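A short write-up of the structure that comes next.
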2 protein chains.
Amino acid sequence: MKALADILAELSKGGFRITRARRSMIEVLIGSRLPISAEGLLASLIKQKVPANKTTVYRELTFLKERRIVQEIQFLHERVKRYEVVFGSHHHHLICMGCKSVEDVELDGELEKYERDIMKSRGFKVLNHALEFMGLCEACR
Amino acid sequence: MKALADILAELSKGGFRITRARRSMIEVLIGSRLPISAEGLLASLIKQKVPANKTTVYRELTFLKERRIVQEIQFLHERVKRYEVVFGSHHHHLICMGCKSVEDVELDGELEKYERDIMKSRGFKVLNHALEFMGLCEACR
DNA sequence: CATATTAATGCAACTTAGTTGCAATAGCAA
DNA sequence: TTGCTATTGCAACTAAGTTGCATTAATATG
């Protein structure tokens with residue numbers, strides 16, 4: 001995952017402006033241990049006295065998605081979308097149905113075997129996948 | 001997957017009424033090759049001259065979900081929810097990013113290995129999972 | 001068959017999550 | 001310091017789904 005300064009430098013080089021809202025939003029996204037919703041992000045900005053508005057938040061998230069700086073995540077048990085800074089490595093989530101916490105897991109490599117099988121047996125070329133596990137975390141069991 | 005008559009008998013036995021809307025909705029769900037949205041379901045009823053209303057559709061879907069007759073599916077590339085009759089066997093979806101078609105795949109058993117690993121290494125008890133593959137179907141490649 | 005019970009329905013009004021047009025504001029290169 | 005234009009904020013809108021309440025209709029029972 002990239003550091004704040006790198007992201008800002010990259011954007012600046014691209015001719016985009018480093019506004020207070022943009023900087024703070026990226027900071028919050030980097031600092032958030034879990035994927036955060038647009039609403040959560042807005043609340044976080046307001047708490048930090050950064051003037052922001054939901055339109056700005058949504059527009060900035062679209063902007064950051066387009067630049068592959070953040071990625072959008074849809075958990076199946078939720079209706080809202082969440083966002084996280086793009087990681088170097090692809091990963092999945094463990095969602096606790098008790099306390100609603102989310103942990104990351106990495107377990108690729110094996111899934112690619114499935115993807116090759118799907119290609120072979122169906123002629124379907126897999127370009128991406130989404131996998132999440134729902135259950136109970138250590139504390140909630 | 002159960003047949004219409006079985007489902008209706010089950011509901012009737014449970015003290016629920018077999019109304020025109022309920023019968024038609026279950027018929028459409030059974031007949032739909034792919035998971036269908038609430039809106040699609042409503043359109044389908046209206047086309048068949050079955051008087052129905054979106055409130056009824058949503059309430060009936062909730063009812064059928066509670067009874068484990070249908071299951072709700074959230075595709076990551078869509079904002080609407082879709083519904084399908086619960087299958088005997090758990091399966092996943094191949095979503096074509098070209099033509100938006102959806103195919104089913106079964107590839108469990110192996111995923112359970114992951115789930116055991118997650119339990120062992122993290123203490124997280126997996127109760128359910130969701131997996132979908134995005135890519136290009138044979139025709140769209 | 002008649003009819004009472006209450007499950008199911010329809011309407012309208014509401015909520016939540018996100019989007020859009022447009023005028024105002026503010027980064028930043030010069 | 002200033003001009004260009006990227007970014008912002010507001011208010012109004014859309015899409016998807018939900019809720020309260022009065023009405024209708026499926027069905028068990030006499």
Side-chain angles (χ1 to χ4, degrees), chain A residues 7-28 35-46 48-67 69-83, chain B residues 5 7-29 35-46 48-67 69-83:
Chain A
I7 294 175
L8 296 181
E10 184 190 326
L11 290 177
S12 194
K13 195 144 58 78
F16 303 105
R17 294 171 184 174
I18 309 307
T19 63
R20 186 119 165 61
R22 173 162 292 157
R23 177 197 304 276
S24 299
M25 256 181 263
I26 299 172
E27 273 171 18
V28 171
I36 189 172
S37 66
E39 202 190 350
L41 197 41
L42 178 58
S44 192
L45 294 180
I46 288 171
Q48 294 177 41
K49 312 268 186 242
V50 177
N53 167 286
K54 80 175 177 162
T55 308
T56 303
V57 169
Y58 281 112
R59 279 203 281 237
E60 185 65 17
L61 287 170
T62 301
F63 173 87
L64 295 172
K65 269 191 289 175
E66 282 164 4
R67 264 138 214 101
I69 293 167
V70 307
Q71 61 189 335
E72 190 177 83
I73 296 177
Q74 173 74 66
F75 287 141
L76 297 188
H77 67 298
E78 287 190 333
R79 119 214 247 96
V80 298
K81 290 190 166 125
R82 291 179 175 269
Y83 303 86
Chain B
I7 295 174
L8 295 181
E10 185 189 324
L11 290 178
S12 195
K13 195 144 58 76
F16 304 104
R17 294 171 185 174
I18 308 308
T19 64
R20 187 119 163 62
R22 172 162 291 158
R23 177 195 305 275
S24 299
M25 258 181 262
I26 298 171
E27 272 170 18
V28 171
L29 283 160
I36 190 171
S37 65
E39 201 189 352
L41 197 41
L42 178 57
S44 191
L45 293 180
I46 289 172
Q48 293 176 41
K49 312 268 186 242
V50 177
N53 166 286
K54 80 174 175 162
T55 308
T56 304
V57 169
Y58 281 112
R59 279 202 280 236
E60 184 65 16
L61 286 170
T62 301
F63 173 88
L64 294 172
K65 269 190 290 176
E66 282 164 4
R67 267 143 212 96
I69 292 167
V70 307
Q71 61 189 336
E72 189 177 84
I73 296 178
Q74 172 74 64
F75 287 141
L76 298 188
H77 69 297
E78 287 190 333
R79 116 214 247 97
V80 296
K81 291 193 165 123
R82 292 179 173 269
Y83 302 85

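Here is the naming used below: chain letters follow the sequence lines, and residue numbers restart at 1 for every chain. Predicted model, so just to flag it, every value in this text is computed and none were measured. Reckoned from all heavy atoms, side chains included, excluding hydrogens, waters and symmetry mates.
Minimum atom distance to the side chain of Y58(A) is reached by dA17(C), of the listed dC11(C), dG9(D), dA17(C).
R22(A) contributes a side-chain N or O that, together with a main-chain N or O of R17(A), makes up a donor-acceptor pair within less than 3.5 Å.
Taking CD1 of I7(B) as the start and CD of E10(B) as the end, the distance is 7.5 Å to the nearest 0.5 Å. How far CZ of R82(B) is from CD1 of I73(B): 9.0 Å, rounded to the nearest 0.5 Å.
No donor-acceptor contact under 3.5 Å links the side chain of T19(B) to the base of dT9(C). With hydrogens and angles ignored, no donor-acceptor pair under 3.5 angstrom links the side chain of R20(A) to the base of dG27(C). Judged by distance alone with a 3.5 Å cut-off, a donor-acceptor contact links the side chain of R59(A) to the base of dG9(D).
Atom CG in L11(A) sits about 11 Å away from atom P in dC28(C), given to the nearest Å. Between the C1' atom of dA26(D) and the CG atom of L8(B) lies a distance of 14 Å, rounded to the nearest Å. Protein atom CZ of R22(B) is 15 Å distant from nucleotide atom C1' of dT24(D), rounded to whole Å. When rounded to the nearest whole Å, the span between CZ of R82(B) and C1' of dA16(D) equals 13 Å. Remark: C1' of dA16(D) and CD1 of I36(B) are 16 Å apart, rounded to the nearest angstrom. F16(A) has its CZ atom 21 Å from the P atom of dA26(C), to the nearest Å. Across the protein-nucleic acid pair, N53(B) atom CG and dA8(C) atom C1' stand 12 Å apart, rounded to whole Å. One can place CG of L64(A) at 17 Å from P of dA6(D), the figure rounded to the nearest angstrom.
Both S12(B) and K81(B) sit near DNA chain D, but only K81(B) has its closest nucleotide nearer the 5' end. With DNA chain C read from its 5' end, the first of the two nearest nucleotides for F63(B) and T55(B) is the one closest to F63(B). The residue among R17(B) and A21(A) whose nearest nucleotide of DNA chain D is located toward the 5' end is A21(A).
By the 4.5 Å heavy-atom criterion applied to side chains, L45(B) and T56(B) are not counted as neighbours.
At the heavy-atom level, K54(B) lies under 4.0 Å from base atoms of the strands shown.
Contact record, L41(A) with L61(A): CD2-CD2, 3.7 Å, taken as the closest heavy-atom pair.
Close to dG10(C), at under 4.0 Å from its OP1 or OP2, lies a side-chain N or O of T56(B). Neither OP1 nor OP2 of dT16(C) sits under 4.0 Å from any side-chain N or O of R79(A).
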